[in-house]
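First the structure, in the form of structure tokens, and then the observations on it.
Quick note: residue numbers are just sequence positions, from 1. The shown structure was predicted, so the numbers you read here are calculated from the model rather than taken from an experiment.
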Amino acid sequence: MEHLVRRLQGEIITAMEDLEGPSGCRFVRDAWVRAEGGEGISSILQNGRVFEKAGVNISVVASKAPEGMLAHMRARKRGGLDKGPYDMFVAGISLVLHPHNPMAPTMHANYRYFELVEEGGDPDKPVASWFGGGCDLTPSYLFEEDAVHFHKTIKAACDKHDPAYYPRFKEWCDEYFDNKHRGERRGVGGIFFDDLEDRPAEEIFAFVKSCGNALVDQYVPIMKRRMDMKYSDEEKRWQQLRRGRYVEFNLVHDRGTKFGLATPGVRIESVLMSLPLTARWEYMAVPKPGSREAKLIEVLQKPREWA
């Protein structure tokens, strides 16, 4: 898993810098070491030609599992964690891509592996191990062909391993990215799964690898269609309002953010990398009936099938 996330980080950064072009910005590489054990690389691009903000982060952590994290897991009714103390190993990649152009969608994805071993025990005999992750697309303006492409690409990756994966994880994604206090989803979805441990780890890893390998193909063709489209000040304003909803979900509902903030020694800047540079909140900002903005809200309130 560590090798996979390091390779994916390099490939995704290269693809995003290709979109930026020769006159665009490049990612800044921020390598860090966690005092409690582990390391990572946060790669961030800000104020680019194409991207307002883009982050592609990896982390590989090996340390004692903090009690706050174990309590969080027990609260999610994970069995077999009533003893302890435990050592943990975590490897994962997380990316969020926020374009300038309101016609171009935001993309988020993360894939991770987590295992617990009795403190001082045999690392080849974890008491618990699982994979989690997913990908989702958040447009400000809905282009149906973009949602179809995004979903069909990840469905093809899922179908290589189990035809039940895509419908199961697509529904889970729609349920997870529910901005409940707003009565709408964050975006047009993708896939989401967590605590995946229902078959041999080698099989699940092969599935996660296929999903990671699909990321560039899911997003780059959409960006090439949208990143240079013309837009108005009013359309930019709408994008900023939608970015505000993105922030609300991440800070109020997102389990990954809560998990990160519960980890001692965590880099707060890396946890909050997902937030856009700019966002907007207005009192009672309701789109006009029949408008493109209203069409987006309809889809977010009632998720559709795209593949």
Between E235 and S232, is there a donor-acceptor pair closer than 3.5 Å when you use the side chain of the first and the backbone of the second?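 Confirmed, E235 side chain pairs with S232 backbone.
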Out of Q240, H100, K53, Q239, which one pairs with T278 under the side chain to side chain donor-acceptor pair (under 3.5 Å) rule?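 It is Q240, the one option of Q240, H100, K53, Q239 that forms the side chain to side chain donor-acceptor pair (under 3.5 Å) with T278.
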Just one of E293, R242, R292 clears the side chain to side chain donor-acceptor pair (under 3.5 Å) bar with Y141, so which one?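 So, applying the side chain to side chain donor-acceptor pair (under 3.5 Å) to Y141 and each of E293, R242, R292, only E293 qualifies.
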Identify the heavy atoms of [X] and [Y] that sit nearest to each other, and give their distance.
| X | Y | answer |
| --- | --- | --- |
| M1 | V208 | CE-CG1, 4.0 Å |
| I297 | P287 | CG1-CG, 4.1 Å |
| L45 | C25 | CD1-O, 3.6 Å |

Do F169 and F192 have ring centres separated by under 6.0 Å?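 No, the ring of F169 stays outside the 6.0 Å limit from the ring of F192, centre to centre.
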Flag the pair H98 / Y246 as yes when their ring centroid distance falls below 6.0 Å, and as no otherwise.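 Judged by ring-centre distance (under 6.0 Å), H98 and Y246 do meet the cut-off.
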Can you tell me if R7 and N213 form a side-chain donor-acceptor pair at under 3.5 Å?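 N213 and R7 do have a side-chain donor-acceptor pair below 3.5 Å.
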Do R186 and D178 sit within salt-bridge range, that is, some charged N less than 4.0 Å from a carboxylate O?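 No salt bridge links R186 with D178.
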Is a salt bridge present between D194 and R112, judged by a nitrogen-to-oxygen distance below 4.0 Å?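 Here D194 pairs with R112 in a salt bridge, since their nearest N and O are under 4.0 Å apart.
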Geometric cation-pi criterion, R226 with F143: 6.0 Å, 45°: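 The answer is yes, since R226 meets both limits relative to F143.
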F207: which of F131, Y165, Y111 passes ring-ring contact (aromatic ring centres under 6.0 Å, His included):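 Going through the options one by one, the only one that passes is Y165.
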Count I, L, V, M, F, W, Y as connected when their side-chain heavy atoms are under 4.5 Å apart, and connections chain through other members. Are V148 and L296 then in the same cluster?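 Yes, V148 and L296 fall within the same hydrophobic cluster.
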Same apolar cluster (I L V M F W Y, side chains within < 4.5 Å links), F27/V96: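 They do not share one cluster, since no chain of ILVMFWY contacts under 4.5 Å joins F27 to V96.
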Within a reach of under 6.0 Å around [atom1] of [X], are more than 12 heavy atoms found that belong to other residues, nucleotides or ligands?
| X | atom1 | result |
| --- | --- | --- |
| K180 | NZ | yes |
| D233 | CG | no |
| R26 | CZ | yes |

ring-ring contact (aromatic ring centres under 6.0 Å, His included) for F249 and F177? Distances and angles first, verdict last. CA-CA 8 Å; F249 177 86; F177 289 103; 5.3 Å; yes
